[in-house]
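Reckoned from all heavy atoms, side chains included, excluding hydrogens, waters and symmetry mates.
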Amino acid sequence: MARHLITSALPYINGIKHLGNMVGSMLPADVYSRYLRQRGHDVLYICATDEHGTPAELAAKEQGLPVDAFCAQAHDAQKAVYDGFALAFDYFGRSSSAENRDITQHFARKLNENGFIEERAIRQVYSPTDGRFLPDRYVEGTCPHCGYDKARGDQCENCTRVLDPTDLINPRSAISGSTDLEVRETKHLFLLQSKLENEVREWVARHDKDWPQLASSIAHKWLTEGLHDRAITRDLDWGVPVPADTWPELAAEGKVFYVWFDAPIEYLGATKEWADQDPENRDWKSWWYDVDTDVRYTQFMAKDNVPFHTVMFPATELGVREPWKKVDFVKAFNWLTYYGGKFSTSQKRGVFTDQALEILPADYWRYFLIANAPESDDSSFTWEHFTATVNKDLADTLGNFVNRVLSFSRKRFGDDVPAGGEPGEAETRLGEEITRLLAEYEEHMEALQFRKAAAALRALWSAGNSYLEEKAPWLEIKTDKDGAALTLRTAMNLIHLYSVVSEPFIPATAKTMREAFSLADDTAAWVTPESAKSLTSVPAGTPFTVPPVLFAKLTDEDLETYKERFGGTEQ
């Protein structure tokens with residue numbers, strides 16, 4: 001079996017992320033990683049906080065903290081939320097690590113040796129009051145297009161127009177507020193992407209048949225517009241420093257690498273962080289260096305990150321002229337909107353991941369988000385849709401089935417799985433249906449079609465309810481006690497099957513369902529077709545308990561409370 005390397009877009013350090021960030025990268029990567037592990041594959045799921053760049057410095061300044069202390073606290077806060085969502089990273093690192101610094105500097109040196117980095121003089125805003133050059137985001141002012149008075153020097157958040165600092169009306173320093181600004185000449189390093197364009201184009205073309213249309217089309221759009229040489233350094237206090245042994249003058253000036261140069265390299269850096277925790281048993285290069293035929297690399301991200309990972313970072317990897325692993329499959333997502341409008345971290349619009357966990361346990365969110373993942377187009381979060389999905393799929397279809405079966409069996413047959421008679425025609429039909437649906441579920445998971453996989457999982461749950469309604473053990477027991485016992489035993493085997501195959505979507509609930517049965521040696525990682533068809537994993541006589549309600553139904557009062565707190569109107 002191939003080894004599977006999984007990465008998801010690095011969450012930026014500045015602020016807790018919203019549900020759109022979660023479903024656009026980390027959550028589907030976790031679902032896929034869990035599924036692959038269950039199927040017996042060797043999986044390494046790597047992620048990290050993206051900690052460099054202007055916003056981190058500005059956020060630290062707002063909180064009155066040194067930027068390294070701010071990032072350390074923010075990393076821990078984000079990791080706590082991801083733990084709450086049961087994201088099973090093998091390692092969740094930090095782009096400010098020494099490992100990422102060393103690998104980033106190595107990449108820069110190799111690119112320079114190979115003629116793909118050039119030092120150029122540019123004109124940039126300088127603040128005499130602050131005694132420093134100001135990166136684009138350190139310049140604020142009034143947008144010339146819409147009049148928004150807090151526009152940044154790279155983009156107006158209000159009208160989304162791309163800007164240059166010199167476009168702003170009444171520009172001022174975001175550090176000191178000084179309006180005493182000048183334009184001076186300074187030097188920066190440029191990555192000569194134009195020289196690598198043909199190689200990137202050929203590399204992308206080799207994946208046209210493999211990548212989803214969304215990822216492929218975005219990559220080709222950027223290539224059609226042409227790759228431009230790009231500045232990869234900034235005048236910041238926080239970042240990977242330019243190595244003095246290669247660029248002594250720029251290093252003396254305190255130049256650091258631009259966040260979008262070092263952030264993708266952090267996938268390698270975080271893997272090395274993981275390996276450095278246990279160097280005798282972990283080899284990070286075995287996942288990244290000269291491993292094209294041994295490792296399948298799948299990357300998860302929303303569409304705004306696609307150009308950086310399908311064009312810009314591959315250009316970097318190609319330019320170093322070393323056999324670093326490049327992505328095999330890019331799973332790109334569209335936007336999850338909030339009532340048709342954008343989630344906004346800065347404007348606090350929409351549901352954020354920490355707030356979500358305050359309201360309901362993670363499995364409610366995990367299932368809803370994956371079942372409505374914005375794969376083929378944008379999808380909209382509404383509280384009405386969320387409530388209906390929770391009530392229909394989780395509370396009624398799965399939760400009610402589990403509770404009805406176990407409670408009724410306990411009431412009529414005691415605390416052990418009843419024996420009953422031999423399986424009949426209904427059980428044979430059920431086994432065949434479950435086997436068919438399980439194969440469909442596996443097919444969609446293998447293809448990374450998450451909405452279809454969720455629909456197949458829902459169909460598996462529904463099959464149990466249909467069987468239960470057909471056999472009606474609450475009536476059957478009046479005339480055929482053995483028949484009712486057989487029905488309940490078969491249904492309990494379905495519960496156990498659900499506990500196994502539902503684990504990638506709802507891991508906490510799956511664990512609860514599995515632990516309802518006191519099986520002496522329950523080590524099954526997956527359900528084989530034979531086991532699915534026979535439904536005999538939980539034999540008669542197995543002790544069981546009735547767990548608490550798996551999913552509480554959400555009421556109209558709950559709905560109104562959520563809408564009042566977060567807003568709930570179309571944009």
Is a salt bridge present between [X] and [Y], judged by a nitrogen-to-oxygen distance below 4.0 Å?
{"X": "E202", "Y": "R206", "answer": "no"}
{"X": "R321", "Y": "E199", "answer": "yes"}
{"X": "R109", "Y": "D245", "answer": "yes"}
{"X": "E443", "Y": "K452", "answer": "no"}
{"X": "R37", "Y": "D90", "answer": "yes"}
{"X": "D262", "Y": "R101", "answer": "no"}
{"X": "K110", "Y": "E113", "answer": "yes"}
{"X": "R94", "Y": "E51", "answer": "yes"}

Just by distance, no angles: are the side chains of [X] and [Y] close enough, under 3.5 Å, to form a donor-acceptor pair?
{"X": "E273", "Y": "Y91", "result": "yes"}
{"X": "S537", "Y": "H496", "result": "no"}
{"X": "E266", "Y": "H52", "result": "no"}
{"X": "N100", "Y": "S95", "result": "no"}
{"X": "W365", "Y": "T353", "result": "no"}
{"X": "T7", "Y": "Y45", "result": "no"}
{"X": "S216", "Y": "D208", "result": "yes"}

Interatomic spacing from [atom1] in [X] to [atom2] in [Y] - rounded to 0.5 Å:
{"X": "Q213", "Y": "I218", "atom1": "CD", "atom2": "CD1", "result": "9.0 Å"}
{"X": "T310", "Y": "W203", "atom1": "OG1", "atom2": "CH2", "result": "7.0 Å"}
{"X": "N305", "Y": "Q299", "atom1": "CG", "atom2": "CD", "result": "9.0 Å"}
{"X": "I232", "Y": "T316", "atom1": "CD1", "atom2": "OG1", "result": "7.5 Å"}
{"X": "L27", "Y": "L369", "atom1": "CG", "atom2": "CG", "result": "6.0 Å"}
{"X": "D328", "Y": "W211", "atom1": "CG", "atom2": "CH2", "result": "9.5 Å"}

Given side chains that start at C-beta, do those of [X] and [Y] come closer than 4.5 Å, heavy atoms only?
{"X": "M492", "Y": "L406", "answer": "yes"}
{"X": "L189", "Y": "F257", "answer": "yes"}
{"X": "P264", "Y": "E317", "answer": "no"}
{"X": "R451", "Y": "S379", "answer": "yes"}
{"X": "F89", "Y": "I46", "answer": "no"}
{"X": "R514", "Y": "V500", "answer": "yes"}
{"X": "W222", "Y": "V306", "answer": "no"}

Would you say the rings of [Y] and [X] are close, in the sense that their centroids are separated by under 6.0 Å?
{"X": "F401", "Y": "W461", "value": "no"}
{"X": "Y82", "Y": "F92", "value": "yes"}
{"X": "W324", "Y": "F107", "value": "yes"}

(request) Evaluate side-chain contact (heavy atoms from CB on, under 4.5 Å) for K326 paired with L318, printing each intermediate quantity in order. (result) CA-CA 9 Å; K326 300 170 191 66; L318 289 164; 3.6 Å; yes
(message) Quick one, Y367 with T509, criterion side-chain contact (heavy atoms from CB on, under 4.5 Å). Give me CA distance, side-chain angles, the key distance, then yes/no.
(response) CA-CA 11 Å; Y367 176 79; T509 307; over 6 Å; no
(request) Decide side-chain hydrogen bond (donor to acceptor under 3.5 Å, both in side chains) for E442 and Y35; before the verdict, give the C-alpha distance in whole Å, the side-chain angles of both, and the deciding distance to 0.1 Å. (result) CA-CA 9 Å; E442 292 175 354; Y35 170 76; 5.2 Å; no
(request) Step by step, work out the ring pair (Phe, Tyr, Trp, His ring centres under 6.0 Å) result for F343 and F381. (result) CA-CA 10 Å; F343 285 83; F381 178 93; 7.0 Å; no
(request) For side-chain hydrogen bond (donor to acceptor under 3.5 Å, both in side chains), just list the numbers for T233 and W247, CA-CA rounded to whole Å, side-chain angles, deciding distance to a tenth of an Å, and then say yes or no. (result) CA-CA 12 Å; T233 53; W247 295 281; over 6 Å; no
Nearest heavy atoms of [X] and [Y], plus distance in Å:
{"X": "T536", "Y": "N493", "result": "C-OD1, 3.2 Å"}
{"X": "V402", "Y": "P547", "result": "CG1-CG, 4.5 Å"}
{"X": "G15", "Y": "Q78", "result": "O-NE2, 3.3 Å"}
{"X": "F333", "Y": "G24", "result": "CD1-O, 3.5 Å"}
{"X": "K303", "Y": "P307", "result": "O-CD, 3.6 Å"}
{"X": "D393", "Y": "T397", "result": "O-CB, 3.2 Å"}

Checking [X] side chain against [Y] main chain: does a donor-acceptor pair fall under 3.5 Å?
{"X": "E197", "Y": "L227", "answer": "yes"}
{"X": "K195", "Y": "G115", "answer": "yes"}
{"X": "Y498", "Y": "E503", "answer": "no"}
{"X": "Y441", "Y": "V501", "answer": "yes"}
{"X": "K255", "Y": "P241", "answer": "no"}
{"X": "T271", "Y": "Y267", "answer": "yes"}

(request) Under the side-chain hydrogen bond (donor to acceptor under 3.5 Å, both in side chains) rule, what do H106 and E322 come out as? Steps first, then yes or no, please. (result) CA-CA 11 Å; H106 169 79; E322 293 176 337; 3.0 Å; yes
(request) Start with the C-alpha gap between D30 and R366, add the side-chain angles, then the distance that decides, and say whether salt bridge (Lys or Arg N to Asp or Glu O under 4.0 Å) holds. (result) CA-CA 10 Å; D30 177 73; R366 287 177 63 103; 2.7 Å; yes
(message) Taking the six-membered ring of Y258 as reference, does the cationic atom of R234 (NZ for Lys, CZ for Arg) lie under 6.0 Å from its centre and within 45° of its axis?
(response) yes
(request) Answer yes or no: does atom NZ of K325 have more than 12 heavy-atom neighbours from other residues, nucleotides or ligands under 6.0 Å? (result) yes
(request) From the options W287, W288, F329, select the one residue that forms a ring-ring contact (aromatic ring centres under 6.0 Å, His included) with Y297. (result) W288
(message) Let's go through T49 and L10 carefully: what are the C-alpha distance in whole Å and the side-chain angles of both, what is the deciding distance for side-chain contact (heavy atoms from CB on, under 4.5 Å) to 0.1 Å, and is it a yes or a no?
(response) CA-CA 6 Å; T49 39; L10 305 182; over 6 Å; no
(request) Evaluate side-chain contact (heavy atoms from CB on, under 4.5 Å) for E119 paired with H188, printing each intermediate quantity in order. (result) CA-CA 6 Å; E119 189 175 322; H188 280 286; over 6 Å; no
